[in-house]
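Here's the structure, in structure tokens; my notes come after.
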Amino acid sequence: FTDHLEDFARWMTEERGLSPLSVRSHRWKASRFLTWFSERHPCLECVRLQDVDEFLILQGSTRWNRTSVTVAAQALRIFFRHAERRGWCRSGIAEGIVGPRRYVHEGLPEGPTWTEVQRLLEGVKGTSASALRARAILSLFAIYGLRSGEVSRLLLSDFDWSAETFLVTHSKRGGRQPYPLQHEVGEAILEYITKARPRTECRHLFVTLHVPYRSVAAASLWEMTSRRLKAAGISCRRS
């Protein structure tokens, strides 16, 4: 089905005027379906609406979440509208493709309760470098709801201690946003900087505790948080 996909991509670019990102996304999702379908049928003329439903159900039960399945359904609807116009398949398939229902708040993180968060913070005891760094990191997560990448990108220069504010470079929507520095969070960060942060030329706020010193990756922050949640006996879907 390579020729079909190339024709589909040209149509999206030249006639629909879609962005390169949208073209790549729709083409990739259509190719996933066609790869799966080609293992069962030799030609696109054989495709039925039930095949599309079966594909989406399979992906939703094994690989993709509800949002990904919904986006894939939209891409396949566009592909089959084009395929029907080209005469590659029977008509009516595109109109019948329906993705799963999406709910307004389903994308919100399913995390611990505030009582559990407080218990987590109170459980980070000691004056070791590891404990002081963890307390500062967890405070930023708990109070501001920042993402791992946003915390890992924080620089020493992002903090204005006289104005009691700091800047966050957002992961998804982009841009830099100032936040007021809550007192307990500021105290935790200052204690980490003065008592635990190694002397290094690296200007990231959170750095590794052993040489060679470098910024702490977002994945490492996630692992640290998950480990401490489990140690505190706190279980949640996204930990």
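Taking 4.5 Å as the limit, every side-chain heavy atom of H204 sits out of range of all side-chain heavy atoms of R214. Residues V47 and F33 have side chains in contact (heavy-atom distance under 4.5 Å, counting atoms from C-beta outward). Using a 4.5 Å heavy-atom threshold, the side chains of Q182 and Y144 count as touching. Within the 4.5 Å cutoff, side-chain heavy atoms of F159 are placed close to those of L154. Using a 4.5 Å heavy-atom cutoff, the side chains of V216 and M224 are not in contact. Side-chain contact between E6 and R27: present, with at least one pair of heavy atoms (C-beta onward) separated by less than 4.5 Å.
Among all heavy-atom pairs drawn from D51 and C46, the shortest one is OD2-O, 4.0 Å. When all heavy atoms of S148 and L221 are compared, the closest pair comes out as O-CD1, 3.5 Å. Summarising the geometry of S139 relative to L121, their closest heavy-atom pair is N-CD2, 3.9 Å, with the distance given to 0.1 Å. Taking both residues in full, the closest heavy atoms of K29 and L76 are given as O-CD2, 4.1 Å, listed atom of the first, atom of the second, then distance. Nearest heavy atoms, F79 versus L34: CZ-CD1, 3.9 Å. Residue R40 comes nearest to W36 through the heavy atom pair NH1-O, 2.7 Å, listed as atom of the first residue, atom of the second, then distance.
Using bins of under 30°, 30° to 60° and over 60° for the plane-to-plane angle, the ring pair H82/W11 lands in the parallel bin. Ring-plane geometry between F37 and F1 is classed as tilted, the angle between the planes lying from 30 to 60 degrees on a 0 to 90 degree scale.
Cluster annotation: L190 is not connected to L167 through the hydrophobic network of ILVMFWY side chains, with a link wherever side-chain heavy atoms come within less than 4.5 Å. Y213 and Y192 are members of different hydrophobic clusters when ILVMFWY side chains are connected at heavy-atom separations under 4.5 Å. Hydrophobic clustering places L44 together with L56 (ILVMFWY residues linked when any side-chain heavy atoms are closer than 4.5 Å, directly or through intermediates). Transitive grouping of hydrophobic side chains (ILVMFWY, heavy atoms separated by less than 4.5 Å) keeps L155 and I189 in distinct clusters. The hydrophobic clustering, which links ILVMFWY residues whose side-chain heavy atoms are closer than 4.5 Å, places L58 and V98 apart.
Panel note: side chain R119, backbone A232; a donor-acceptor pair is recorded below 3.5 Å. Side chain of S152 to main chain of G149: a donor-acceptor pair is present (N/O by atom type, distance under 3.5 Å, no hydrogens or angles). Using a distance-only test at 3.5 Å, with no hydrogens or angles considered, no donor-acceptor pair links the side chain of Q177 to the main chain of H170. A side-chain donor-acceptor contact under 3.5 Å links S31 to the backbone of W28.
Taken from CH2 in W161 to CZ in F166, the straight-line distance is 9.5 Å, to the nearest 0.5 Å. Here NZ of K195 is found 4.5 Å from CD of E191. Values are rounded to the nearest 0.5 Å. Atom CG of L205 is separated from atom CZ of R197 by 6.5 Å, given to the nearest 0.5 angstrom. Within the model, atoms CZ of R228 and CG of L138 stand 6.5 Å from one another, a figure rounded to the nearest 0.5 Å. Here CZ of F206 is found 9.5 Å from CG of L156. Values are rounded to the nearest 0.5 Å. The structure places CZ of R135 at 12.5 Å from CD of E184, a figure rounded to the nearest 0.5 Å.
In the displayed structure, R63 atom CZ is contacted under 6.0 Å by at most 12 heavy atoms of other residues, nucleotides or ligands. At most 12 non-hydrogen atoms from other residues, nucleotides or ligands lie less than 6.0 angstrom from CD of E164. More than 12 heavy-atom neighbours from other residues, nucleotides or ligands sit within 6.0 angstrom of CD on Q118.
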task = Might you work through the side-chain contact (heavy atoms from CB on, under 4.5 Å) test for H26 and Q74, ending with a clear yes or no?
result = CA-CA 9 Å; H26 293 340; Q74 294 170 346; 5.8 Å; no

message = One pair to check against salt bridge (Lys or Arg N to Asp or Glu O under 4.0 Å): E14 and R10. What are the steps and the verdict?
response = CA-CA 6 Å; E14 298 172 4; R10 282 195 300 273; 5.3 Å; no

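Ion pairing between a basic and an acidic side chain is recognised when a charged N comes within 4.0 Å of a carboxylate O; R153 and D158 show no such pairing.
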